[in-house]
Amino acid sequence: MSRIDESRPFKPVRIAILAVSDTRGLSEDKSGAVLVERLTEAGHILAARHILPDERAQIADQLRAWVADPGIDVILTTGGTGLTGRDVTVEAHRDVYEKEIEAFATVFTMVSMQKIGTSAVQSRATGGVANGTYLFALPGSSGACRDAWDEILKWQLDYRHRPCNFVEILPRLDEHLRRK
């Protein structure tokens, strides 16, 4: 079973938050605020925070800029993961991914089923890796962001989490780029 190994040191990661919305400004971004609160309480570092409209190219460009930034280890987006025509965050993420973390969507759905039942099928939350950076697209509701953080990301972004976690393999995510 998973556990925190107190004999290992905590290693903070640098996390950027991008809210995707056609209607909200940063001051109304409750989901982003939830993520900022959670990540700082956990001991991580807020590396950047921004809001963009539901425009695939703009979202992908921002993701690429942050992926290229050595001061960012993880990118969390909130919003644009639904089924409507304006929901393009998942497509923007996939434009950037080198590898998709398929199990993230599966585990997120399992967590959501416990909270909202079959309505969980309407989310397209996703995760992936690009240029040594983790990217996760979360729904725009603050409850979904709380669930994703509390039930998945809090643990996987903690170096002490056993039997394994995302942080311990972070230095190896871009090893294919360093090969000669």
Side-chain angles (χ1 to χ4, degrees), residues 13-22 24 29 31-32 34-36 38-39 44 47-69 72-158 161 164-167 169-170 173-174 176:
V13 294
R14 299 160 298 190
I15 303 173
I17 306 290
L18 176 63
V20 177
S21 175
D22 285 333
R24 288 180 295 182
D29 177 26
S31 299
V34 163
L35 293 169
V36 169
R38 294 286 203 276
L39 75 88
H44 298 296
R49 185 173 178 200
H50 197 56
I51 193 160
L52 285 175
D54 291 278
E55 296 293 338
R56 182 174 177 170
Q58 287 183 42
I59 297 164
D61 286 347
Q62 182 64 66
L63 295 176
R64 285 186 191 99
W66 281 348
V67 160
D69 185 338
I72 296 175
D73 303 309
V74 178
I75 300 167
L76 304 178
T77 65
T78 175
T81 64
L83 300 173
T84 72
R86 295 290 296 153
D87 290 324
V88 296
T89 303
V90 173
E91 289 75 19
H93 268 251
R94 290 185 175 141
D95 290 343
V96 176
Y97 290 167
E98 293 166 5
K99 294 181 180 182
E100 190 159 356
I101 306 170
E102 289 90 353
F104 178 78
T106 303
V107 173
F108 181 78
T109 301
M110 292 168 56
V111 168
S112 295
M113 281 288 296
Q114 295 173 6
K115 309 284 179 154
I116 61 171
T118 60
S119 295
V121 302
Q122 294 188 33
S123 171
R124 298 183 306 134
T126 185
V129 176
N131 195 36
T133 304
Y134 289 109
L135 301 94
F136 299 97
L138 310 176
S141 85
S142 54
C145 288
R146 251 189 309 279
D147 294 344
W149 182 268
D150 294 350
E151 304 296 330
I152 305 168
L153 297 171
K154 171 183 172 180
W155 307 107
Q156 282 299 300
L157 295 177
D158 191 327
H161 184 263
C164 58
N165 60 76
F166 289 142
V167 180
I169 60 171
L170 186 60
L173 293 180
D174 64 353
H176 65 291

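- If you look at F166 and F136, their ring centroids are closer than 6.0 Å.
- The minimum heavy-atom distance linking C145 with T78 is given by the pair SG-OG1, 3.3 Å.
- Inter-residue side-chain proximity for D87 and R124 is flagged as met; some heavy-atom pair is nearer than 4.5 Å.
- Judged by distance alone, the side chain of D73 and the main-chain N or O of V13 form no donor-acceptor pair under 3.5 Å.
- No donor-acceptor pair under 3.5 Å is formed between the side chain of H44 and the backbone N or O of L39.
- In this structure, D174 and N131 approach most closely via the heavy-atom pair CB-C, 4.2 Å.
- Using a 4.5 Å cut-off on side-chain heavy atoms (C-beta onward), F104 and I152 make contact.
- For the pair S31 (side chain) and S142 (backbone), a donor-acceptor distance under 3.5 Å is present.
- Between L138 and T77, every side-chain heavy-atom pair lies at or beyond the 4.5 Å cut-off.
- For the pair V34 and R38, the minimum side-chain heavy-atom distance is below 4.5 Å.
- Within the 4.5 Å cutoff, no side-chain heavy atoms of N165 are placed close to those of L157.
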Candidate pair L173 and T133, rule side chain to side chain contact (heavy atoms under 4.5 Å, CB included), full reasoning | CA-CA 7 Å; L173 293 180; T133 304; over 6 Å; no
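- For the atom pair CD (E151) and NZ (K115), the distance works out to 5.0 Å, reported to the nearest 0.5 Å.
- The CZ atom of R146 sits 13.5 Å away from atom NZ of K154, with the distance rounded to the nearest 0.5 Å.
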Checking side chain to side chain contact (heavy atoms under 4.5 Å, CB included) for the pair V90/R94: CA distance, chi angles, key distance, verdict?
-> CA-CA 6 Å; V90 173; R94 290 185 175 141; 3.3 Å; yes
Go through R64 and D95 one step at a time and tell me if the side chain to side chain contact (heavy atoms under 4.5 Å, CB included) criterion holds.
-> CA-CA 9 Å; R64 285 186 191 99; D95 290 343; 3.8 Å; yes
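- Remark: Q122 CD to T84 OG1 distance equals 10.5 Å, nearest 0.5 Å.
- From L52, atom CG reaches atom OG of S21 across 10.5 Å, with rounding to the nearest 0.5 Å.
- Counting all heavy atoms, side chain and backbone alike, A47 lies closest to I72 at CB-CG1, 3.8 Å.
- Nearest approach of S123 to P139, heavy atoms of both residues: OG-CG, 3.4 Å.
- The side chain to side chain contact (heavy atoms under 4.5 Å, CB included) test with L135 is passed by exactly one of T126, L76, V67: V67.
- Tested against Y97, the residues E100, H93, K99 include a single side chain to side chain donor-acceptor pair (under 3.5 Å) partner, H93.
- Using a 4.5 Å cut-off on side-chain heavy atoms (C-beta onward), I51 and L18 make no contact.
- Distance alone, capped at 3.5 Å, is enough to place a donor-acceptor pair between the W155 side chain and the D150 backbone.
- Remark: D29 engages R49 in a salt bridge, criterion side-chain N to carboxylate O under 4.0 Å.
- Taking 4.5 Å as the limit, every side-chain heavy atom of V167 sits out of range of all side-chain heavy atoms of D158.
- Considering every non-hydrogen atom in both T89 and A137, the closest pair reads CG2-CB, 4.2 Å.
- Nearest approach of Y134 to I101, heavy atoms of both residues: CD2-CD1, 4.0 Å.
- Here the side chains of Q156 and H161 are in contact, with some heavy-atom distance below 4.5 Å.
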